[in-house]
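Here is how names work: the chains are called A, B, and so on, in the same order as the sequence lines, proteins then strands, and each is numbered from 1.
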Amino acid sequence: MAATFASRCSRVGRSLFGGLSNSSPGLFTKSHEMTCGNYFSQVKQQRTFIQMRTVLKVVDNSGAKQVMCIQALKGKKGARLGDTIVASVKEAHPNGKVKKGKVVYAVVVRAAMQKGRCDGSQVRFDDNAVVLVDKQGQPIGTRVFGSVPHELRKKKHVKILTLAGHIA
Amino acid sequence: MRLEKCWFCSSTVYPGHGIQFVRNDAKIFRFCRSKCHKNFKMKRNPRKVKWTKAYRRVHGKDMTQDSTFEFERKRNRPERYDRNLADNVLKAIPKIDKIRVSREERHHKNRMKENEAKGQREAKKELEQSISLVKAPSALQQDPSLTLPKTIVKVSQQKSEENPLMEE
């Protein structure tokens with residue numbers, strides 16, 4: 001919990017210094033709450049889109065461990081569950097297909113922000129996770145860990161679904 | 001289409017309602033409304049939250065074991081569509097509901113059985129102790145109908161002979 005707090009705090013700090021105009025006003029109010037020394041903040045944690053500077057977990061065996069979003073390919077406000085993003089590899093396994101600093105495409109397979117389904121219900125996952133893909137949309141790795149949503153079928157990422165262990 | 005049960009309060013989640021939360025270990029939590037979802041995020045245990053069905057079952061307020069619950073068990077095998085079977089099921093559902101409701105009412109009545117006697121005893125005690133709040137003691141002595149009649153208990157003579165023996 002301390003780690004997530006620190007990462008959240010640092011992310012907010014970076015956004016403040018970066019002067020991002022499209023960051024939600026909720027972030028600014030949250031940072032003010034945090035500077036007041038309130039560890040268990042009363043402000044509800046707002047789960048939003050995956051945008052520039054969002055750090056995501058990589059859940060395949062392509063070699064990368066953490067990836068930072070550079071661009072959300074579709075959507076003005078950011079990427080959601082099932083969308084593709086352009087990302088920069090921030091942390092990687094020492095001997096993997098992908099090295100640190102490489103610019104890759106990735107598909108969002110788990111998003112903390114809820115997504116509406118066609119039957120009217122909403123789904124949300126615990127974290128933001130991503131599977132690295134090449135420009136054609138084929139996954140770079142050969143295994144996918146964790147659960148993936150079946151929204152990927154509509155987005156034509158069938159290969160990822162076949163590799164997945166569990167479909168949410 | 002499937003009618004699910006809310007993980008927190010055990011009410012039915014109809015299509016188009018609620019949020020489905022997929023945890024990283026692939027366990028799916030369904031919530032009927034944001035009240036249950038927020039309580040879950042607060043890490044509250046439904047067995048300790050008074051208004052949930054889980055609490056009521058654990059504390060014996062509601063029926064736990066009954067043959068009518070067998071009909072609602074989740075079956076993962078899809079049944080081949082049989083028109084007669086479907087028709088019979090649709091006819092049986094209201095009957096089973098009626099039986100279950102009547103059994104639950106019986107359970108509730110059993111639980112509340114002692115209340116009437118308890119209420120009488122408490123009323124009697126209150127009348128004896130606090131009648132002075134309503135009527136002055138001098139008035140009570142003049143008009144004995146306001147107090148409860150004194151009951152005369154006959155003590156048999158044999159007991160007085162046994163007592164000195166018991167004291168020894």
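- Taking hydrophobic clusters as Ile, Leu, Val, Met, Phe, Trp and Tyr residues chained together by side-chain heavy-atom distances below 4.5 Å, A/L132 shares a cluster with A/I85.
- Within 6.0 Å of CD in B/E116 there are 12 or fewer heavy atoms belonging to other residues, nucleotides or ligands.
- Within the 4.5 Å cutoff, the side chain of B/Q20 has heavy atoms near those of the A/R117 side chain.
- Criterion: ILVMFWY side-chain heavy atoms under 4.5 Å apart, direct or through other members. Under it, B/F29 and B/V22 are not part of a common hydrophobic cluster.
- Below 4.5 Å, heavy atoms of chain B meet heavy atoms from A/R110, all part of residues 86-115 of chain A.
- Scanning residues 145-168 of chain A against chain B with a 4.5 Å heavy-atom cutoff picks out A/S147, A/H166, A/A168, ordered by number.
- Residues A/I140 and A/V131 are members of separate hydrophobic clusters, defined by side-chain heavy-atom contacts under 4.5 angstrom among Ile, Leu, Val, Met, Phe, Trp and Tyr.
- The stretch residues 9-17 of chain B places B/P15, B/G16, B/H17 near chain A, each with some heavy atom under 4.5 Å from a heavy atom of that chain.
- Remark: B/R47 CZ is loosely packed, at most 12 non-hydrogen atoms of other residues, nucleotides or ligands lying under 6.0 Å away.
- Highest contact tally toward chain A, considering only B/N24, B/I28, B/D25, is held by B/N24 [criterion: heavy-atom pairs under 4.5 Å].
- Side-chain heavy atoms closer than 4.5 Å link hydrophobic residues (I, L, V, M, F, W, Y) into clusters, and following such links, possibly through other members, connects B/F31 to B/W51.
- Grouping the Ile, Leu, Val, Met, Phe, Trp and Tyr side chains by contacts below 4.5 angstrom, directly or via other members, places A/V130 apart from A/V59.
- Remark: A/R143 CZ is loosely packed, at most 12 non-hydrogen atoms of other residues, nucleotides or ligands lying under 6.0 Å away.
- Within 6.0 Å of NZ on B/K41 lie more than 12 heavy atoms contributed by other residues, nucleotides or ligands.
- Surrounding CZ of B/R83 are at most 12 heavy atoms belonging to other residues, nucleotides or ligands under 6.0 Å away.
- When the shell of 6.0 Å around CD of B/E104 is examined, it contains more than 12 heavy atoms from other residues, nucleotides or ligands.
- Annotation: side chain of A/R124 is in contact with side chain of B/I19 (closest heavy-atom distance under 4.5 Å).
- For B/E105, the side chain to side chain contact (heavy atoms under 4.5 Å, CB included) criterion is met by B/V101, not counting sequence neighbours.
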